[in-house]
Every structure is written in structure tokens, then in C-alpha cells.
Amino acid sequence: MDLERELLSDRLAAFVRLKGGYPIPLAGAVYWLALAGLGHIIAGKQWVFWAFVTSGAIFPLALALGAPTQANFMKDKSAAGSVLFPAFASMFLFWPIAIAAFWDEVDIAPLALAIGMSIHWPVIGWSYGRTAIYTGHALVRAIAVFAIWILLPDQRYTTLPLAVAVVYLLTVAIILLEAARLSRNALGSLK
């Protein structure tokens with residue numbers, strides 16, 4: 001049990017140090033907001049093509065957004081850091097579904113992207129000792145985009161990506177509030 005407590009302490013310290021890795025969801029919000037705007041100009045295969053191509057910009061954008069606040073998640077070390085590769089590897093497994101949708105049933109591709117690109121979130125949350133926040137993000141996102149996909153089929157390229165961006169922005173706010181709260185608690189325990 002001491003090892004489990006120490007591991008949780010290390011994970012929470014990483015969460016506070018990196019402010020929950022907020023630059024990554026912030027970059028995701030920018031990406032999905034851009035896709036929502038693009039959906040007003042193009043749709044179908046063109047939209048999906050650009051969504052695929054530009055998805056690779058999320059990571060460098062996250063690095064750039066984290067630089068001013070020194071939330072450098074790439075240089076940080078924690079005991080749980082080794083879980084990141086399998087988390088991202090499992091997320092990448094959704095791409096064959098997204099590509100198949102692009103080829104055969106393009107209107108399902110926004111749904112596949114919106115849900116598939118969040119598969120790693122619960123594990124990321126575990127690595128920070130805050131599973132509920134990150135799992136909540138993935139669940140709310142999946143429910144919201146599925147509801148939009150079913151109820152508003154004409155808005156699959158506009159409102160659906162906008163909903164993902166909004167969930168991201170709410171998650172960033174929750175992460176920053178929780179990181180600040182934990183930081184204050186840690187400072188208070190030192191006094």
C-alpha cells in the first residue's frame with residue numbers, strides 16, 4: 001500500500017507541476033474550432049481529408065501553447081510516464097475505422113474522429129491521478145457527438161466539432177482549477 005500511495009503522490013505532483021497537461025486539450029480545442037469553421041465552407045470528403053491532415057498539428061501546437069507557462073510535458077518525468085505510449089498506441093487503433101469511413105461512409109468519419117481521438121483520455125487521467133476529470137471529458141464528448149450525429153445530421157461538420165471544442169475548453173478550465181486547488185493545498189500543508 002505504501003507503493004500505491006507513493007505512486008499516487010507522484011502522479012498528483014505531475015498533475016500540479018504540469019497543470020494537468022492543459023496545453024494538449026487547449027490545442028485540441030483550437031483544432032476542433034478550426035474544423036467547425038471549416039465545416040461552414042466544405043463538408044464530406046474534403047472536410048475529412050483536412051481533418052486527417054491537420055490532426056498532426058495538435059501536438060506541436062500543444063508544445064507551443066505550453067512554452068509560455070513552462071508546462072513542458074515532454075521533459076517532465078514521473079513514475080507513471082511509461083503508461084503514455086500504450087495509451088497513445090491504443091488511441092491510434094481507431095484510425096482504420098476513420099479511414100474506412102472516409103472511403104465508404106464519409107458522414108460517419110466526424111463521429112469516428114471525435115470519439116476515436118479521445119480513447120486515451122481515461123489513461124492520461126490515471127497518469128495524473130485525476131481519472132474522473134479526463135474520463136468525464138471522454139464520456140461527455142462521446143455522448144454529445146453521438147447525440148449531434150443522430151439528432152442533427154446536417155450539422156455533423158459544424159456543430160459536432162464545435163461541441164468537441166466546447167468540451168475541451170470546459171475540461172481545460174476544470175483542469176486548471178483543480179491544479180490550482182491542489183497547489184494551494186500543497187502550499188498550505190507546508191506552513
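- When atom types are taken as modelled, the side chain of Ser183 and the backbone of Ala180 share no donor-acceptor pair closer than 3.5 angstrom.
- To the nearest 0.5 Å, the span separating CD1 on Ile174 from CD1 on Ile133 amounts to 7.0 Å.
- The two residues Arg156 and Pro110 have their closest heavy-atom pair at O-CB, 3.5 Å.
- A chain of hydrophobic side-chain contacts below 4.5 Å, direct or via other Ile, Leu, Val, Met, Phe, Trp or Tyr residues, connects Val53 to Phe94.
- For Thr135 (side chain) and Ala132 (main-chain N/O), no donor-acceptor pair under 3.5 Å exists by modelled atom type.
- In this structure, CH2 in Trp50 is found 8.0 Å from CD1 in Ile42, a value given to the nearest 0.5 Å.
- Placement of Ile150 and Val167 in two distinct hydrophobic clusters is found when ILVMFWY residues are connected by side-chain heavy-atom separations under 4.5 Å, directly or transitively.
- The shortest distance between side-chain heavy atoms of Thr158 and Leu38 does not fall below 4.5 Å.
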Step-by-step side-chain contact (heavy atoms from CB on, under 4.5 Å) determination, Val123 to Phe88: CA-CA 9 Å; Val123 178; Phe88 281 104; over 6 Å; no
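- Rounding to the nearest 0.5 Å places CZ of Phe85 at 13.5 Å from NE2 of His120.
- Pairing each heavy atom of Ala114 with each of Val164, the nearest pair is CB-CG2, 3.8 Å.
- For residues 116-139, the salt bridge (charged side-chain N to carboxylate O under 4.0 Å, His left out) pairs, not counting sequence neighbours, are Arg130-Glu178.
- The two residues Leu12 and Gly129 come nearest to each other via the heavy atoms CD2-O, 3.6 Å.
- Distance check: Thr171 OG1 to Leu176 CG gives 11.0 Å after rounding to the nearest 0.5 Å.
- The two residues Gly116 and Met91 have their closest heavy-atom pair at O-CG, 3.2 Å.
- Taken from CZ in Phe49 to OG1 in Thr54, the straight-line distance is 9.5 Å, to the nearest 0.5 Å.
- You'll find the side chain of Asp10 stays beyond 4.5 Å of the side chain of Glu6, heavy atoms only.
- Note: the hydrophobic cluster containing Phe92 also contains Ile124 (ILVMFWY, side chain heavy atoms under 4.5 Å, direct or indirect links).
- In plain terms, the two heavy atoms of Ala98 and Ala109 that are nearest each other are O-CB, 4.4 Å.
- At least one side-chain heavy atom of Ile175 sits less than 4.5 Å from a side-chain heavy atom of Phe15.
- Here the closest heavy-atom approach between residue Ala27 and residue Ile58 is recorded as CB-O, 3.4 Å.
- With a 4.5 Å cut-off on side-chain heavy atoms, Leu61 and Tyr31 do not count as touching.
- Rounded to the nearest 0.5 angstrom, Leu160 CG and Arg141 CZ are separated by 9.5 Å.
- Val30 and Leu113 fall within the same hydrophobic cluster, where Ile, Leu, Val, Met, Phe, Trp and Tyr residues are linked whenever their side-chain heavy atoms come under 4.5 Å apart, directly or through other members.
- The same ILVMFWY cluster, assembled from side-chain heavy atoms under 4.5 Å apart, contains both Ile108 and Leu152.
- Annotation: side-chain contact (heavy atoms from CB on, under 4.5 Å) contacts of Ile115 (sequence neighbours excluded): Leu111, Ala142, Val145.
- Applying the ring-ring contact (aromatic ring centres under 6.0 Å, His included) test to every pair with at least one member in residues 133-160, sequence neighbours left out, gives these pairs: Trp47-Tyr157, Trp121-Tyr134, Trp121-His137, Tyr128-Tyr134, His137-Tyr168.
- Side chains of Ile97 and Phe102 form no contact here, defined as non-hydrogen atoms less than 4.5 Å apart.
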